[in-house]
Amino acid sequence: MELEELRNNLESVRDSIARAAARAGRNPEDVLLLPVTKTLGADVVEQAWQLGIRQVGENKVQEILSKKEVMGEKMQFHMIGHLQRNKVHQVLDKVCLIHSVDSVRLAEEINREAEKKGLTARILLELNVAREESKYGILEEDLDALLQNLARFQHIRVEGLMTVAPFVENPEENRKIFRRMREIFIDIRQKKVNNIDMQILSMGMTNDYEIAVEEGATIVRVGTGLFGHRQKK
Ligand SMILES: *Cc1c(COP(=O)(O)O)cnc(C)c1O
């Protein structure tokens, strides 16, 4: 991809975010555009860096490791995909935020590794609000129990919630999902549980990020809308 094309795409997505924020009476600066560079080469990550991007989303541990090796400390990586417990140790100190924690067992492993490495891991809990069978994430009714269990882990900090909404033709159909996410987010924030500091709502992708911003997203994860269609593997 040409640098100019990526620059234009970034500008146009940022414009749409700003307009969606304005419609909701929100400050666009409260929304982080997280470009998703999964499947793309480190050269594309470098291009994004040249255009001022300092954080990107990836969904595979191996890709984070290889791109981190090329980019070094100058780019921050978010883990947005499903994380296997046996890979936590490889990636924990290579990412600034894990969006996809959906079990006590995974959180426990993250806590253990974080303790070993002497850090506090920042995590989001992935919710499957739409109750899609094919999706990762916990169901709403299991959230309270999970939160209670996480309170004993001293080396993690739960900073918010994440969801991958269904793929729909009309993004309006996902509004109720995003709205529900925000309700849950506010509920938890009012509870004041140990290790939990609700700040981040990671929701909205290429197809529906404008609706997500209108409903309160603080991180939108956009791949195709910036980089074009990914090669199917
Ligand atoms: C791939 C991916 C995205 C970006 O999807 P696009 O539709 O290309 O914007 C966002 N979030 C997660 C978890 C992903 O895996």
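Keep in mind that what you see is a predicted model, and the values were worked out from it rather than measured.
Between S16 and Y209 there is a side-chain heavy-atom pair separated by less than 4.5 Å. Under the 4.5 Å side-chain criterion, counting only non-hydrogen atoms from C-beta, M198 is in contact with V158. For the pair V168/N174, a side-chain contact is recorded, criterion being any heavy-atom separation below 4.5 Å from C-beta on. Within the 4.5 Å cutoff, the side chain of D43 has no heavy atoms near those of the V70 side chain. Counting only heavy atoms from C-beta outward, the side chains of V91 and K87 never approach each other to under 4.5 Å. Proximity of N195 to R157: side-chain heavy atoms (C-beta onward) are nowhere separated by under 4.5 Å.
Among all heavy-atom pairs drawn from M79 and S100, the shortest one is O-OG, 4.0 Å. The heavy-atom pair separating K67 from G41 by the smallest distance is CE-C, 4.4 Å. Residue F178 comes nearest to G204 through the heavy atom pair CE2-N, 3.9 Å, listed as atom of the first residue, atom of the second, then distance. What you find for V220 and A217 is that their closest heavy atoms are CG1-CB, 4.0 Å. Contact detail for P166 and A130: the closest heavy-atom pair is CG-CB, 3.5 Å. Closest approach of I177 and V129 over heavy atoms only: CG2-CB, 4.0 Å.
For the atom pair NZ of K94 and CD of E73, the computed distance is 9.0 Å after rounding to the nearest 0.5 Å. Of the inter-residue distances, the one linking K60 atom NZ with Q84 atom CD reads 10.5 Å to the nearest 0.5 angstrom. Distance CG/L143 to CD/Q148: 10.0 Å, rounded to 0.5 Å. L106 CG to I156 CD1: the interatomic distance, rounded to the nearest 0.5 Å, is 9.0 Å. Remark: H78 NE2 to Q55 CD distance equals 3.5 Å, nearest 0.5 Å. From R122, atom CZ reaches atom CD of E159 across 4.0 Å, with rounding to the nearest 0.5 Å.
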Between T37 and E58, does a side chain to side chain donor-acceptor pair (under 3.5 Å) hold up when you go through it step by step? CA-CA 6 Å; T37 45; E58 289 282 345; 2.6 Å; yes
R182 and E215: CA distance, side-chain angles, deciding distance, salt bridge (charged side-chain N to carboxylate O under 4.0 Å, His left out) verdict: CA-CA 7 Å; R182 178 157 163 84; E215 296 300 329; over 6 Å; no
Evaluate the criterion salt bridge (charged side-chain N to carboxylate O under 4.0 Å, His left out) for residue pair E108 and R105; output intermediate values, then yes/no. CA-CA 5 Å; E108 187 172 24; R105 290 191 343 149; over 6 Å; no
Please walk me through it: do H82 and N59 pass side chain to side chain contact (heavy atoms under 4.5 Å, CB included)? CA-CA 7 Å; H82 182 65; N59 70 341; over 6 Å; no
Please walk me through it: do N8 and E5 pass side chain to side chain contact (heavy atoms under 4.5 Å, CB included)? CA-CA 5 Å; N8 289 338; E5 190 183 353; 5.6 Å; no
Please lay out, stage by stage, how E210 and I17 fare under the test side chain to side chain contact (heavy atoms under 4.5 Å, CB included). CA-CA 6 Å; E210 289 157 282; I17 290 173; over 6 Å; no
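Under the 4.5 Å side-chain heavy-atom criterion for grouping Ile, Leu, Val, Met, Phe, Trp and Tyr, W49 is connected to L10 within one hydrophobic cluster. Taken together through direct or relayed side-chain contacts under 4.5 Å among Ile, Leu, Val, Met, Phe, Trp and Tyr, L3 and L226 form part of one hydrophobic cluster. Cluster annotation: L139 and L125 are assigned to distinct hydrophobic clusters (Ile/Leu/Val/Met/Phe/Trp/Tyr, side-chain heavy-atom contacts under 4.5 Å, transitive). Two different hydrophobic clusters hold L161 and Y136 under the rule that ILVMFWY side chains link at heavy-atom gaps under 4.5 Å. When hydrophobic clusters are built by joining Ile, Leu, Val, Met, Phe, Trp and Tyr residues whose side-chain heavy atoms come closer than 4.5 Å, directly or via intermediates, F167 is not grouped with F227.
Other residues, nucleotides and ligands place more than 12 heavy atoms under 6.0 Å from the CZ atom of R54. Atom CD of E2 has 12 or fewer neighbouring heavy atoms from other residues, nucleotides or ligands inside a 6.0 Å radius.
Here the options are V104, D102, V101, the test is side chain to side chain contact (heavy atoms under 4.5 Å, CB included), and the partner is I138; only D102 passes.
Checking S202 against H99 by side-chain atom types alone, a donor-acceptor pair falls below 3.5 Å. E126 and T163 share no side-chain donor-acceptor pair at under 3.5 Å.
By the 4.0 Å N-to-carboxylate-O rule, K74 lies close enough to E46 to be salt-bridged with it. R112 has a carboxylate O that lies under 4.0 Å from a charged side-chain N of E109, or vice versa, which qualifies the two as a salt bridge. One finds a salt bridge joining E113 and K116 here, because a Lys/Arg side-chain nitrogen approaches an Asp/Glu carboxylate oxygen to under 4.0 Å. Look at K38 and E63 and you find no salt bridge, because none of the NZ, NE, NH1 or NH2 atoms lies under 4.0 Å from a carboxylate O. Between E141 and R131 there is a salt bridge, with a side-chain nitrogen of the basic residue lying less than 4.0 Å from a carboxylate oxygen of the acidic one. Of the charged side-chain nitrogens involved, at least one lies within less than 4.0 Å of a carboxylate oxygen, so that K191 and D144 count as a salt-bridged pair.
For residues 21-31, the side-chain hydrogen bond (donor to acceptor under 3.5 Å, both in side chains) pairs, not counting sequence neighbours, are R23-E214.
Remark: the backbone N or O of R189 is not paired with any side-chain donor or acceptor of K192 at under 3.5 angstrom. Formation of a donor-acceptor pair under 3.5 Å by the N111 side chain with backbone atoms of H155 is found in this model.
Other members of the cluster containing I200 are L32, L34, V36, I80, L97, L124, M162, V164, M205, I219, with ILVMFWY side chains joined at under 4.5 Å, either directly or via other members.
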